[in-house]
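To start, the structure itself, in structure tokens.
Given the structure is predicted, the values throughout are model-derived calculations rather than measurements. The chain is numbered in sequence order, starting from 1.
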Amino acid sequence: MIKEDPTLAGDIRVLAIAVADNQKRIDGYKAEFKVPFPIFPDEKGEIYMALKQPNVPSLLLATGDGRVLMYHKGLIEDFDKLVKEIREASKTK
């Protein structure tokens, strides 16, 4: 949805961090669910701890210099609403 939105496609990049997971499991997950963005393993939970143990799953929208624009915790139930929130938050960068 982000790639198809002209207001977001050039500025927003999506990636995931798989807490307590390894590359082999990530590769299987990406293949099964056809995930179009990179997923990085956090086998020891170091990134998770550095982010102060956010809810899993969670979405963090940040600028390149690390400023947090938006945080969404839990499953995404309404993608249209989420994209609208991302549009609004990205205006403040």
Side-chain angles (χ1 to χ4, degrees):
M1 291 177 82
I2 290 172
K3 278 183 172 182
E4 296 170 5
D5 186 315
T7 63
L8 299 176
D11 294 331
I12 304 293
R13 301 290 181 268
V14 176
L15 64 88
I17 300 168
V19 178
D21 233 330
N22 62 46
Q23 193 63 53
K24 183 177 179 179
R25 286 179 44 138
I26 291 169
D27 291 343
Y29 179 85
K30 284 187 71 166
E32 181 178 348
F33 294 102
K34 306 203 181 344
V35 177
F37 50 83
I39 301 176
F40 299 96
D42 184 20
E43 290 186 56
K44 297 179 183 177
E46 294 166 333
I47 298 168
Y48 175 76
M49 296 299 283
L51 292 172
K52 308 278 191 267
Q53 304 170 359
N55 291 347
V56 176
S58 58
L59 176 139
L60 182 72
L61 182 65
T63 61
D65 63 3
R67 194 166 38 94
V68 176
L69 301 177
M70 184 186 128
Y71 177 72
H72 174 87
K73 64 181 180 178
L75 294 174
I76 299 167
E77 296 182 18
D78 185 340
F79 283 96
D80 291 326
K81 180 180 176 188
L82 177 67
V83 170
K84 183 178 179 182
E85 290 172 8
I86 291 171
R87 259 190 231 109
E88 289 301 313
S90 68
K91 288 179 186 176
T92 65
K93 65 178 184 154

Going from [atom1] on [X] to [atom2] on [Y], what distance comes out if it is rounded to the nearest 0.5 angstrom?
X: K84; Y: L82; atom1: NZ; atom2: CG; value: 12.5 Å
X: I39; Y: Q23; atom1: CD1; atom2: CD; value: 8.5 Å
X: R67; Y: L61; atom1: CZ; atom2: CG; value: 10.0 Å

Among the clusters formed by ILVMFWY side chains lying less than 4.5 Å apart, do [X] and [Y] turn up in the same one?
X: F37; Y: F33; value: yes
X: L59; Y: I47; value: no
X: V68; Y: I86; value: no
X: L51; Y: F40; value: yes
X: V56; Y: Y71; value: no

Legend entry - More than 12 heavy atoms from other groups under 6.0 Å of CZ on R87: yes
Beyond-backbone contact of [X] with [Y], side-chain heavy atoms, under 4.5 angstrom:
X: I26; Y: V35; value: no
X: D78; Y: E85; value: no
X: D11; Y: S90; value: no

Inset, instruction - Identify the heavy atoms of P38 and K30 that sit nearest to each other, and give their distance. - result: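 That closest heavy-atom pairing would be CA-NZ, 3.9 Å.
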Legend entry - Nearest atoms (heavy-atom pairs only) where D21 meets P41: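 Looking at all heavy atoms of both residues, the shortest contact is O-CB, 3.4 Å.
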Inset, instruction - Only counting residues at least two apart or in another chain, list the ones meeting side-chain contact (heavy atoms from CB on, under 4.5 Å) with E88. - result: K91
Legend entry - Donor-acceptor contact below 3.5 Å, side chain N55 vs main chain K73: no
Inset, instruction - Mark yes or no for whether D42, through its side chain, and Y48, through its backbone, hold a donor-acceptor pair below 3.5 Å. - result: yes
